[in-house]
Amino acid sequence: MIISLFTYSDSELITMICSGNEGKREKALRQLYNDKSIRITVSQYVSNTGGSSQDTDDVFQESMITLDNCLRNNRFGNRSTLKTFLIGVCKWTWYSMKRKQKRINLTDDMNQMDSDDFINPEVLMLDDERVSIVRDLLQKLGGKCKQLLELYQLNYSMQEIADSVGFENMQSSKNAVAKCRNNFKELLMSQSELMLTLKY
Amino acid sequence: MNAYFEQIEDYIRGKLNASEIKDFEAQLKKDPNLVKQLSLTRIELESYELLVSDSLRRKMNTWGSNQKPMISRVWWAAAASIALLAVAFIWVNRESKPITDTPSVVKQDTILPKINPQPKINDEPQKQIASENKLPEAKNIPVIVDSKKEKNDRNQPLPNKDILKQQTTEKPTTLSESENLAYQSFEQPNYDNELRSATRGENDTILTKALILLKDKKSNEVQVILAKSDEPESSYYLSVAYFNSREFNKAIPILEKLSQNLDYINKEKAEWLLALCYVAQNDKVNAKKVLTVIKEDLQHTYKEKAGALLLKVGN
């Protein structure tokens, strides 16, 4: 009873993460991040397969990022609880990390995770090569543009962007976001090699 | 066809319903331009996702250091409940006591604040300062003097004399009518927000310093720091610094250049400040010219303000 005063249900968490409100989003993500039972499960899994506590931390952070991405982009599907989903993502992330490091084959357990409940983070994210190219391009945008585009990606309304960034009104955030997006698109298009790498 | 292009983002973000997805995918088979645009938008949004994930990663690093187990919150709640019950119990007991049970003198004393507590720690220097400043009420306040800090402060290099001289001239004493009008129309940037943005750019340390100085109204120091910077954002704040110190002639060429930079995110702000510089200089011809351009741009942030100011300048 008391615990329920301080924790949010899955549906509340999902609404909060997708709300486009910084405070709510942070609260929800923080609850999941600080959930000890998830941590313990992930930690046991990672250590049983040759990982350290640092590996657990890395896996957990990357999986939180995947979870956040899935929820905001309607890729969760409500087929399991958030906890089960996050643990599944953690296992996949750990598997991907190990495969990259060529440390082990996790074929035994990973076959069991080939279900709708689990999401392979590699499917969702840019690969390392793309990430480094895109990161360089993003670096060419100013700090302000980066902030605007982050808020835009988080589905903030134009008014919320104006309030958060300190613009005069909704129209100015609309103009600024459009300008930043155009600048970035031009940067993308100007890199012919990049576009080939990105299979455009 | 345009409708499909407008649906690209919703398609990527999974916001279309089943029939819309079916239509959209059918159109994708027919329209290679739509396919091309879809790929570009997908890459674009995936790139922005990197900004979100970087930001979340930074936050999680701070959560990790001060995370508290949920159980402690439960204990806090339990403790708070017990405290509430205790307060309620005391309150009820207090109410039920006979009226004759008036508070004793001793009790009254405990409620009253203690007067003139005796200083114990290093009160001599404070007494001296207080008497110098003629602040009798400060006599008995004990102050811990940080001799180390005091020493460090003394060792700080003195500010450049030229800057100090400039600072004294920064705040205009008497403003002309046109300057008054310009300053009233200019809203100083929200420097806290600007600082938050500036720290996201990795090469923006100079800009960060400049914004802190601008926030502290040290426009002349900002001019020294930003003088060599070619970055549009830095140039804008340099012009704000010139504007604040009434050096409109120096601000105008910078703002003219920024106003012609179509890629500059704060182009509209630069145009508005340019108009205000002309207004401040009482250059009505150029002021009206710029204000008219702003007013006639239907999507300009300062469209309405420009219209209102145009009327005042005209009069």
Side-chain angles (χ1 to χ4, degrees), chain A residues 2-3 5-7 26 29-30 33-36 57 60-61 64-65 68-69 72-75 125-126 130-131 134-135 137-139 141-150 152-155 164-169 171-172 174-176 179-186 188-189 198-200, chain B residues 12-15 36 39-40 43-57 59-61 63-64 67-71 73-74 77-78 81 187 189-190 192-194 196-204 207 231-233 262-269 299-303 305:
Chain A
I2 295 170
I3 292 172
L5 286 172
F6 299 101
T7 56
E26 200 171 315
L29 288 168
R30 217 174 164 146
Y33 188 78
N34 289 338
D35 190 318
K36 274 202 158 181
D57 288 346
F60 204 73
Q61 281 206 358
M64 283 292 294
I65 287 164
D68 173 46
N69 181 316
R72 283 185 292 102
N73 293 301
N74 286 338
R75 286 175 183 141
M125 304 292 180
L126 293 166
R130 287 176 171 195
V131 165
V134 168
R135 227 179 259 285
L137 290 183
L138 286 169
Q139 218 46 258
L141 298 171
K144 191 101 180 177
C145 261
K146 281 159 91 178
Q147 187 186 10
L148 282 173
L149 294 175
E150 183 193 332
Y152 174 75
Q153 183 65 10
L154 284 173
N155 212 15
S164 179
V165 178
F167 279 143
E168 193 91 353
N169 53 35
Q171 187 59 48
S172 40
K174 219 172 177 177
N175 295 347
K179 201 159 275 178
C180 291
R181 285 190 71 181
N182 280 337
N183 289 352
F184 186 67
K185 276 185 197 170
E186 275 170 28
L188 276 177
M189 300 291 284
L198 296 176
K199 292 167 191 163
Y200 171 66
Chain B
I12 296 169
R13 291 184 194 272
K15 286 181 180 170
K36 224 173 173 182
S39 312
L40 183 64
I43 292 160
E44 188 201 349
L45 297 183
E46 280 174 359
S47 307
Y48 302 158
E49 202 57 48
L50 271 182
L51 296 171
V52 176
S53 57
D54 285 350
S55 171
L56 181 55
R57 207 172 278 121
K59 278 182 188 162
M60 283 191 287
N61 285 333
W63 297 345
Q67 64 166 302
K68 284 177 185 171
M70 197 61 74
I71 193 76
R73 292 186 181 183
V74 177
S81 313
E187 200 175 305
N190 182 335
D192 291 326
N193 280 331
E194 302 299 329
R196 229 181 294 154
S197 306
T199 48
R200 288 178 194 235
E202 283 171 13
N203 301 319
D204 291 338
L207 181 60
E231 286 289 313
E233 201 66 355
L262 295 175
D263 292 337
Y264 178 47
I265 180 181
N266 279 329
K267 183 175 173 287
E268 293 178 349
K269 276 188 181 178
Q299 293 196 325
H300 204 291
T301 309
Y302 295 91
K303 179 182 166 296
K305 285 190 173 180

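Letters A, B, ... are given to chains in the order of the sequence lines, protein chains preceding strands, and every chain is numbered from 1. Values below: all heavy atoms of this structure, side chains included; hydrogens, waters and symmetry mates excluded.
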Could you tell me if the side chain of A:Met189 sits less than 4.5 Å from the side chain of B:Leu40, heavy atoms only? yes
Output the distance between atom CD (B:Glu49) and atom CG (A:Leu149), rounded to the nearest 0.5 Å. 12.0 Å
Do B:Lys15 and A:Asn73 come close enough that some side-chain heavy atom pair is under 4.5 Å? no
B:Arg57 charged N/C atom sitting above A:Phe60 aromatic ring, 6.0 Å / 45°: no
What distance separates A:Lys185 NZ from B:Ser47 OG, expressed to the nearest 0.5 Å? 11.5 Å
Might you point out which heavy atoms bring B:Ile12 and A:Arg75 nearest each other, and give the distance in Å? O-NH2, 4.4 Å
Indicate whether any N or O donor in one side chain lies under 3.5 Å from an N or O acceptor in the other, for A:Gln171 and B:Thr301. no
Nearest-0.5 Å distance that lies between atom CG in A:Leu138 and atom CG in B:Leu51: 5.0 Å
With heavy-atom distances below 4.5 Å as the criterion, would you say the side chains of A:Val134 and B:Glu44 are in contact? no
CD1 (A:Ile65) and OG (B:Ser55) are apart, to the nearest 0.5 Å, by 9.5 Å
A:Asn175 and B:Glu268, any side-chain heavy atoms less than 4.5 Å apart: yes
Min side-chain heavy-atom separation A:Leu29-B:Met60 under 4.5 Å: no
In Å, rounded to the nearest 0.5 Å, how long is the span from OH of B:Tyr48 to CG of A:Leu148? 10.5 Å
Which of the residues B:His300, B:Lys269, B:Lys303, B:Lys305 is involved in the greatest number of heavy-atom pairs with chain A at under 4.5 angstrom? B:Lys305
So do B:Arg13 and A:Gln153 actually touch side chain to side chain, heavy atoms under 4.5 Å? yes
Portion of A:Asn155 that has a non-hydrogen atom of chain B nearer than 4.5 angstrom: side chain
Regarding A:Lys144 and B:Glu233, does a basic nitrogen lie under 4.0 Å from an acidic carboxylate oxygen? no
Would you check if A:Arg135 and B:Asp54 make a side-chain contact, meaning some heavy-atom pair closer than 4.5 Å? yes
Which atoms of B:Leu45 come close to chain A, meaning under 4.5 Å heavy atom to heavy atom: side chain ones, backbone ones, both, or neither? both
